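Count residues from 1 along the sequence. Since this is a predicted model, take the numbers as computed values, not measurements.
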Amino acid sequence: MLRSLEEPISISQTTRYIGSLEGQEKGPTLIFFGGIHGNEPAGVKALEQVFSQLQHSKAAIKGSIFGIRGNVPALLQKKRFIDQDLNRLWSSVRIAVIEKKDRSDLNAEEIELLEIKQTLTVLLKVKSPPFYFIDFHTTSSRTLPFITINDALINRKFSQCFPVPIILGIEEYLEGPLLSRMNQLGYVSLGFESGQHNEHDAVQNTIAFFWLALVFAGVLDKITVPDFEFYYNELQKSAAGNNSFYEVVHRHELKNTDDFRMLNGFKSFQKISEGTFLAIQNKEKIHAEEATILFMPLYQKQGAEGFFLIRKTPKWALRLSEWLRKSKSDGLLTFLPGISWQNDKRESIMVNLSIARFFTKSFFHLLGYRNRQVDENHLVMHNRERAAKNEMYRNEPWY
């Protein structure tokens, strides 16, 4: 029987590992995160339950499975974060700054980051590839369950195993998510948003996703999971049969000083028409500037995004981008005016907007590049394909 999501987390539940299991046969290493945001307990609750079930299961495990608690102090206080959003600190620059600080100068989330980073460093050193990183989250609004990924082909392929919508491009709008860090290292990494905070369906969807992930990654044989079809069908039902790809096209950014209130009743994947009254910000009304699809409207006090807007990605665009990436067509980009490699690794390009302004973001997206604004005249665009460890996953059943 599921414990209530309102039940407080005890001190005995504050260890970093929720659970860990080692199989006797060689196989992949799956690392699950729950509670990176402290007001999202569903991932932790689900991981506690499935690790308990696995401990008593006779199914033969191949490889290793780990469940990791995220922001322990915030989980205890049921807050998204204490001092800073832990899921916005994982850029190389921020990590370098944090690592140079004295322990006494670190805030709550910086301490959590260093402990989690050390845990991951050890696992990557002593466990066997291929590695999978899956981060469980929930949203403040009602939503279909969905996957968010950095747009690398290995992420797309693995995500397509699951009967839920897949969101591309959110990394362009968020600085320093944990999974972006793991993607920069080349590993399969995906986020699963299972539902609304504190809803039992969110826990059930997370449990279903966990079991499916073990089967799709080859940790468990399908026949050893008697409820596999039930989990798959329940997740498909929760997602209303929607397994389309979507692209993030807009982020409504908030500052700490903004007074923002989303109007009641909106939910993710809701179609809205041009002019729809969405929110009030600093006493001004916010309306939709075009007909589009609403995504993750904010119904909590903490958060730097009021809402996102998304659009469905056509299948032809997905097929074209896959062909272009496999043919390494991006190698020709630097022959174009205003575009140059940022460094010798050739994983990023610098775009001079005063010269190359005629190239659209969609053009770069097809080739696997996502942008960061350096100044008003320059973009740095990172290519997930050039960092991806494709050879590590080439023999996986889903590849």
Side-chain angles (χ1 to χ4, degrees), residues 5 8-18 31-45 47 66-124 133-140 148 150 170-185 189 191 193 197-198 251-260 296 298-306 372-373:
L5 293 186
I9 297 173
S10 68
I11 298 299
S12 64
Q13 295 171 273
T14 61
T15 56
R16 186 65 61 194
Y17 283 104
I18 297 170
I31 300 170
F32 298 88
F33 302 93
I36 291 293
H37 290 138
N39 64 329
E40 302 175 18
V44 174
K45 305 294 184 183
L47 287 171
F66 297 91
I68 295 177
R69 280 188 181 82
N71 195 335
V72 173
L75 281 165
L76 290 170
Q77 296 189 34
K78 299 181 182 180
K79 296 172 64 175
R80 182 178 175 89
F81 57 85
I82 304 300
D83 299 306
Q84 290 179 283
D85 191 329
L86 178 59
N87 209 32
R88 301 293 184 270
L89 299 181
W90 292 87
S91 68
S92 297
V93 173
R94 293 294 295 274
I95 291 173
V97 170
I98 292 169
E99 289 180 327
K100 290 179 181 178
K101 287 186 177 183
D102 290 331
R103 177 89 179 181
S104 59
D105 294 329
L106 297 172
N107 66 34
E109 276 71 34
E110 290 171 341
I111 292 171
E112 295 298 285
L113 179 143
L114 291 178
E115 291 183 0
I116 294 171
K117 182 174 179 292
Q118 176 61 23
T119 299
L120 297 180
T121 299
V122 171
L123 291 178
L124 287 169
F133 296 89
I134 298 175
D135 191 9
F136 290 138
H137 286 270
T138 52
T139 67
S140 62
T148 60
N150 283 206
I170 200 167
E171 73 265 28
E172 280 190 304
Y173 300 89
L174 303 180
E175 181 67 33
L178 169 60
L179 292 183
S180 287
R181 170 72 176 179
M182 306 321 298
N183 264 128
Q184 289 169 4
L185 298 176
S189 307
E193 305 268 358
H197 304 334
N198 297 319
R251 172 201 184 208
H252 187 80
E253 183 178 2
L254 300 179
K255 299 177 181 177
N256 291 334
T257 55
D258 285 333
D259 179 18
F260 178 86
M296 290 204 294
L298 183 70
Y299 288 108
Q300 60 189 24
K301 293 181 179 180
Q302 293 177 309
E305 296 81 33
R372 287 288 180 202
Q373 190 91 27

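- Between the side chain of Thr119 and the main chain of Glu115, a donor-acceptor pair closer than 3.5 Å is present.
- A pairwise comparison of heavy atoms in Ile98 and Leu113 identifies CD1-CD1, 4.2 Å as the closest pair.
- In summary, Lys79 and Glu109 do not engage in a salt bridge, as defined by a charged side-chain N under 4.0 Å from a carboxylate O.
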Review point. Where do Ser140 and Met296 land on the side chain to side chain contact (heavy atoms under 4.5 Å, CB included) test, with the steps shown first?
Key: CA-CA 8 Å; Ser140 62; Met296 290 204 294; over 6 Å; no
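- Residues Gln300 and His197 bring a donor and an acceptor atom of their side chains to less than 3.5 Å of each other.
- By the 30° and 60° cut-offs, the orientation of the rings of Phe136 relative to Phe32 is parallel.
- Distance check, rounded to the nearest 0.5 Å: CZ of Phe33 to CD1 of Ile18 gives 10.5 Å.
- A donor-acceptor pair under 3.5 Å links the side-chain atoms of Arg251 to the main chain of Tyr173, judged by distance alone.
- Distance alone, capped at 3.5 Å, is enough to place a donor-acceptor pair between the Asp83 side chain and the Ala108 backbone.
- Two residues are said to be in side-chain contact when any heavy atoms from C-beta on lie closer than 4.5 Å; Leu123 and Phe133 fail this criterion.
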Exercise for review: Could you walk me through whether Leu178 and Leu120 pass the side chain to side chain contact (heavy atoms under 4.5 Å, CB included) test, one step at a time?
Suggested key: CA-CA 11 Å; Leu178 169 60; Leu120 297 180; 4.3 Å; yes
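- Residues Val97 and Arg94 have side chains not in contact (no heavy-atom distance under 4.5 Å, counting atoms from C-beta outward).
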Check your understanding: Can you check salt bridge (charged side-chain N to carboxylate O under 4.0 Å, His left out) on Glu110 and Lys100, steps first, answer last?
Key -> CA-CA 11 Å; Glu110 290 171 341; Lys100 290 179 181 178; over 6 Å; no
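- Distance alone, capped at 3.5 Å, is enough to place a donor-acceptor pair between the Arg69 side chain and the Thr15 backbone.
- Between Arg16 and Glu112, at least one side-chain N (NZ, or NE/NH1/NH2) sits under 4.0 Å from a carboxylate O, which counts as a salt bridge.
- Evaluation of the salt bridge (Lys or Arg N to Asp or Glu O under 4.0 Å) rule for Glu175 yields Arg372 as partners, not counting sequence neighbours.
- Between atom CH2 of residue Trp90 and atom CD1 of residue Ile116 there is a gap of 5.0 Å, rounded to the nearest 0.5 Å.
- Pairing each heavy atom of Ile95 with each of Leu89, the nearest pair is CG1-O, 3.8 Å.
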Exercise for review: For side chain to side chain contact (heavy atoms under 4.5 Å, CB included), just list the numbers for Glu99 and Leu114, CA-CA rounded to whole Å, side-chain angles, deciding distance to a tenth of an Å, and then say yes or no.
Suggested key: CA-CA 8 Å; Glu99 289 180 327; Leu114 291 178; 3.7 Å; yes
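- Between Leu75 and His37 the shortest heavy-atom distance is CD2-O, 4.4 Å.
- The shortest heavy-atom contact between Leu86 and Gly70 is CD2-C, 4.1 Å.
- Taking the side chain as every heavy atom from C-beta outward, Gln302 and Asn39 never approach each other to under 4.5 Å.
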